[in-house]
A.B. asks: 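Questions regarding the structure given below will be posed in turn.
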Amino acid sequence: MSERRFRFGYVLASKKVSSFIQDSLINHAQENGIDLVPIDLDKPLIEQGPFDCIFHKLYGPEWRKQLEEFALQNPTAIIVDPIDAIEKLHNRLTMLDVVNELKIAGDSETIGIPIQIFVGENSESLLDAITSQGLHFPVIAKPLIANGSADSHQMSLVLKPEGLQGLKPPIVLQEFVNHGGVIFKVYVAGEHVKCVKRRSLPDIPEEKLGMLENLISFSQISNLTAQDQNDDTFAELIEKAVMPPSRFVTDVANQLRDALKLHLFNFDMIRDEKVGNRYLVIDINYFPGYAKIPNYETMMTAFFLDIAREKLNNESR
Ligand SMILES: O=P(O)(O)O[C@@H]1[C@@H](OP(=O)(O)O)[C@H](OP(=O)(O)O)[C@H](O)[C@H](OP(=O)(O)O)[C@H]1OP(=O)(O)O
Ligand SMILES: Nc1ncnc2c1ncn2[C@@H]1O[C@H](COP(=O)(O)OP(=O)(O)O)[C@@H](O)[C@H]1O
Ligand SMILES: [Mg+2]
Ligand SMILES: [Mg+2]
């Protein structure tokens, strides 16, 4: 593979280009035979090739058509990832379905999802639905659609039944699980997996529930600015949190990758404080902020090289 160069085309929102396509990545990939090439959306895709691989985070019928046409004309090229597979992550209710299919070896750790219900625009008696499904307060209300818009990240913590009146369906109501104020974000790029700790919502002790408001709104808690993250209490909390075993993380990541048929995603996982070895997946994101991982260029280039090998295999078939 040493003499062969590979052209990887990409289509990403401008914010993502600024964070992900850094010189360090371009250079590291280039030194390893991978040229990262921006795709111009104002020109037909098929006229901009050849591409060995196309990676993208863009939706809509026009882009879908372009990709389909390209794939037909370039059957050995690798599309990371198929739009249909990506779009399954746009619905917070169904995005977690696959988690229930995972089979984790041994019984030292378990994986699952919090109890959740769907609330549509015409749903009646929310409280009845909550109690009949065994949900306990507090619950988190999440917009059903997770399409990357600011609104799709707008969450509400509902602490008491009275808070339910302030919600705007369609939403998913998920039981809030105390998890020590730290989430584990597991970044997956093909077979390369990296787990990091991030700040999360603090635990809510049952005895404190009565003293709190009915409803608290919040957004992207794990993505707060560096200054917020440096807050002493949170820094200590994060530092002290014990990572899940790496064998377990890798097992979950690999099985999710196969089940979702995706190469590039991350998932948010919490550890149930009450049970200790029970982990819950609460969110899965397509093409997340890899640049936040130290040395992300090494991880991403290793992934690109795996794809380049797969492309060579496709050519020799
Ligand atoms: O922008 P970043 O680097 O914070 O990445 C966002 C992700 O942050 P993370 O890597 O998980 O900390 C973020 O993850 P969370 O939903 O915050 O867990 C999303 O993946 C977000 O994409 P979108 O807005 O859902 O399309 C990602 O945003 P886009 O860059 O795709 O707009
Ligand atoms: N079921 C839950 N129990 C406890 N905390 C949760 C739960 N669901 C979400 N959170 C907290 O809310 C944050 C945002 O929820 P998430 O589903 O990850 O939405 P987003 O797509 O905006 O990241 C999480 O990072 C975590 O801190
Ligand atoms: Mg999240
Ligand atoms: Mg998300």
Side-chain angles (χ1 to χ4, degrees), residues 13 15-16 57 59 86-100 111-119 130 133-159 167-168 170-188 195-206 208-209 212 215-225 228-229 231 234 237-238 241 256 260 262 264-275 278-290 292:
K15 182 179 148 254
K16 197 75 167 178
K57 184 172 180 174
Y59 317 104
I86 299 173
E87 285 188 343
K88 288 213 180 101
L89 298 185
H90 287 181
N91 178 313
R92 291 190 192 271
L93 195 67
T94 53
M95 79 157 61
L96 300 180
D97 281 352
V98 288
V99 179
N100 291 324
I111 191 83
I113 63 172
I115 304 177
Q116 57 176 19
I117 56 166
F118 168 67
V119 179
I130 288 178
Q133 296 301 312
L135 259 90
H136 294 101
F137 285 92
V139 293
I140 293 198
K142 307 184 179 189
L144 177 67
I145 304 302
N147 60 359
S149 64
D151 281 355
S152 72
H153 292 291
Q154 195 56 57
M155 315 267 142
S156 304
L157 187 57
V158 188
L159 298 133
L167 301 177
K168 290 194 201 83
I171 50 170
V172 173
L173 278 184
Q174 201 176 77
E175 189 162 88
F176 176 87
V177 178
N178 281 336
H179 55 281
V182 175
I183 60 166
F184 305 103
K185 269 190 181 274
V186 183
Y187 289 84
V188 181
C195 179
V196 297
K197 294 184 261 186
R198 288 273 183 78
R199 130 178 214 184
S200 184
L201 294 176
D203 287 350
I204 306 172
E206 224 171 309
K208 269 205 181 159
L209 253 183
L212 296 164
L215 181 106
I216 302 169
S217 296
F218 69 98
S219 177
Q220 296 206 285
I221 190 91
S222 67
N223 238 348
L224 293 179
T225 60
D228 292 323
Q229 291 271 8
D231 182 302
F234 282 112
L237 206 64
I238 292 179
L256 275 181
L260 293 166
L262 291 174
L264 299 176
F265 64 95
N266 76 358
F267 58 96
D268 296 345
M269 193 166 71
I270 57 177
R271 180 166 48 219
D272 188 336
E273 279 282 284
K274 261 202 226 144
V275 189
R278 173 158 177 78
Y279 291 85
L280 304 162
V281 176
I282 53 168
D283 185 24
I284 308 178
N285 304 295
Y286 190 63
F287 209 134
Y290 289 104
K292 290 176 204 151

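Both backbone and side-chain heavy atoms feed into the values below; hydrogens, waters and symmetry mates do not. One-based numbering, in listed order, for ligands and for the atoms of each. This one's a predicted model, so the numbers in the text were calculated from it and none came from an experiment.
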A.B. asks: Where the side chain of K185 meets the backbone of N266, is there a donor-acceptor pair that is under 3.5 Å apart?
C.D. replies: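 Answer holds: no.
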A.B. asks: What atoms in ligand 2 come closer than 4.0 Å to a heavy atom of D268?
C.D. replies: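 Counting from 1, the qualifying ligand atoms are 18 (O).
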A.B. asks: Got a second to check how far I111's CD1 is from L256's CG, nearest 0.5 Å?
C.D. replies: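 Here the interatomic distance stands at 7.5 Å.
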A.B. asks: To the nearest 0.5 Å, what is the distance between CG (L280) and CD (Q116)?
C.D. replies: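 So the gap between those two atoms works out to 11.0 Å.
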A.B. asks: Heavy atom of A146 under 4.0 Å from ligand 2?
C.D. replies: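 No heavy atom of A146 comes that close to ligand 2.
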A.B. asks: Tell me which part of E175 gets within contact of ligand 2: side chain, backbone, both or neither, using heavy atoms under 4.0 Å.
C.D. replies: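 Backbone only; the side chain of E175 stays clear of ligand 2.
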A.B. asks: State the NE2-CD1 distance between H179 and I282, to the nearest 0.5 angstrom.
C.D. replies: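 The CD1 atom of I282 is 6.0 Å from NE2 of H179, to the nearest 0.5 Å.
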A.B. asks: Would you check if the side chain of R199 reaches a backbone N or O of L237 as a donor-acceptor pair within less than 3.5 Å?
C.D. replies: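 Flag not set: sc R199 to bb L237 has no pair under 3.5 Å.
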A.B. asks: Nearest protein heavy atom to atom 24 (C) of ligand 2, by residue and atom, and its distance?
C.D. replies: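 Answer for atom 24 (C) of ligand 2: I282 CD1, 3.8 Å.
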A.B. asks: To which protein heavy atom is atom 16 (P) of ligand 2 closest, and what is the distance rounded to 0.1 Å?
C.D. replies: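 Here the nearest protein heavy atom works out to D283 OD2, 3.7 Å.
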A.B. asks: Looking only at heavy atoms, what is the nearest atom pair of Y59 and E87, with distance?
C.D. replies: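 Here Y59 and E87 meet closest at CB-OE2, 4.2 Å.
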A.B. asks: Can you tell me which residue and heavy atom of the protein come closest to atom 3 (N) of ligand 2, and the distance to 0.1 Å?
C.D. replies: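 Going by distance alone, atom 3 (N) of ligand 2 is nearest to V177 N, 3.0 Å.
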A.B. asks: Starting from atom 5 (N) of ligand 2, what is the nearest protein heavy atom, named by residue and atom, and what distance separates them?
C.D. replies: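 Looking only at protein heavy atoms, the one closest to atom 5 (N) of ligand 2 is H179 CE1, 3.4 Å.
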A.B. asks: Hey, which atoms in ligand 2 end up nearer than 4.0 Å to a heavy atom of L201?
C.D. replies: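 So the answer, numbered in order with elements, is 11 (C), 27 (O).
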A.B. asks: Is there a polar contact between ligand 2 and M155, counting only N or O atoms under 3.5 Å apart?
C.D. replies: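 M155 vs ligand 2: no N/O contact under 3.5 Å.
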A.B. asks: Considering the heavy atoms of Q174, write down every atom of ligand 2 situated less than 4.0 Å from one of them.
C.D. replies: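 Listed by number with element, the hits are 1 (N), 2 (C), 7 (C), 8 (N).
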A.B. asks: Are any side-chain N or O atoms of K16 and backbone N or O atoms of P288, one a donor and one an acceptor, separated by less than 3.5 Å?
C.D. replies: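 Present.
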A.B. asks: Looking at K197 and A241, would you say the former's side chain and the latter's main chain have a donor-acceptor pair under 3.5 Å?
C.D. replies: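 Yes, K197 side chain to A241 backbone: donor-acceptor pair under 3.5 Å.
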A.B. asks: Considering only non-hydrogen protein atoms, determine which one is nearest to atom 13 (C) of ligand 2 and report residue, atom name and distance to 0.1 Å.
C.D. replies: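 Looking only at protein heavy atoms, the one closest to atom 13 (C) of ligand 2 is I221 CG2, 3.8 Å.
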A.B. asks: Would you check if V188 and L262 make a side-chain contact, meaning some heavy-atom pair closer than 4.5 Å?
C.D. replies: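 With C-beta onward as the side chain, the pair stays apart.
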A.B. asks: If you compare all heavy atoms of P114 against all heavy atoms of V177, which two are closest, and at what distance to 0.1 Å?
C.D. replies: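 For P114 and V177, the tightest heavy-atom pair comes out as CB-CG2, 4.2 Å.
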A.B. asks: For ligand 2, which part of S200 has a heavy atom less than 4.0 Å away: the side chain, the backbone, both, or neither?
C.D. replies: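 Both backbone and side chain.
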A.B. asks: At under 4.0 Å between heavy atoms, is it the side chain or the backbone of I183 that contacts ligand 2, or both, or neither?
C.D. replies: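 Side chain only.
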A.B. asks: Counting only protein atoms, how many N/O/S atoms are less than 2.8 Å away from the Mg ion (ligand 3)?
C.D. replies: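 The number of such protein atoms is 2.
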A.B. asks: How far is atom 22 (O) of ligand 2 from the closest protein heavy atom, and which atom is that?
C.D. replies: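 Among all protein heavy atoms, the one nearest atom 22 (O) of ligand 2 is H153 ND1, 2.7 Å.
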A.B. asks: Atom CG in N285, atom CZ in F267: separation rounded to 0.5 Å?
C.D. replies: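 Taking CG in N285 and CZ in F267, the distance rounds to 11.5 Å.
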A.B. asks: Judging by distance only, is a nitrogen or oxygen of K142 under 3.5 angstrom from one on ligand 2?
C.D. replies: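 Such a contact does occur with ligand 2.
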A.B. asks: Verify whether one side chain among S149 and N147 offers a donor that lies under 3.5 Å from an acceptor in the other.
C.D. replies: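 Per modelled atom types, S149 and N147 side chains form a pair under 3.5 Å.
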A.B. asks: I need the L135 CG to I140 CD1 distance, nearest 0.5 Å.
C.D. replies: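 One finds 11.5 Å between CG of L135 and CD1 of I140.
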A.B. asks: Quick one: are R271 and V182 in side-chain contact, heavy atoms under 4.5 Å?
C.D. replies: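 Result no, sub-4.5 Å side-chain heavy-atom pair not found.
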A.B. asks: Nearest protein heavy-atom contact for atom 10 (N) of ligand 2: which residue, which atom, what distance?
C.D. replies: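 Ranked first by proximity to atom 10 (N) of ligand 2 is I140 CD1, 3.5 Å.
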A.B. asks: Identify the closest protein heavy atom to atom 14 (C) of ligand 2: which residue and atom is it, and at what distance?
C.D. replies: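 Ranked first by proximity to atom 14 (C) of ligand 2 is F218 CE1, 4.2 Å.
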A.B. asks: What's the spacing between I130 CD1 and F137 CZ if we round to 0.5 Å?
C.D. replies: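 The distance works out to 4.0 Å.
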A.B. asks: How does I270 reach ligand 2, if at all, at less than 4.0 Å between non-hydrogen atoms: by side chain, backbone, both, or neither?
C.D. replies: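 Looking at I270 and ligand 2, just side chain atoms fall under 4.0 Å.
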A.B. asks: Taking only heavy atoms of R92 into account, list the atoms of ligand 2 that are under 4.0 Å away from them.
C.D. replies: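 Checking each atom against R92, I get 17 (O), 19 (O), 20 (P), 21 (O), 22 (O).
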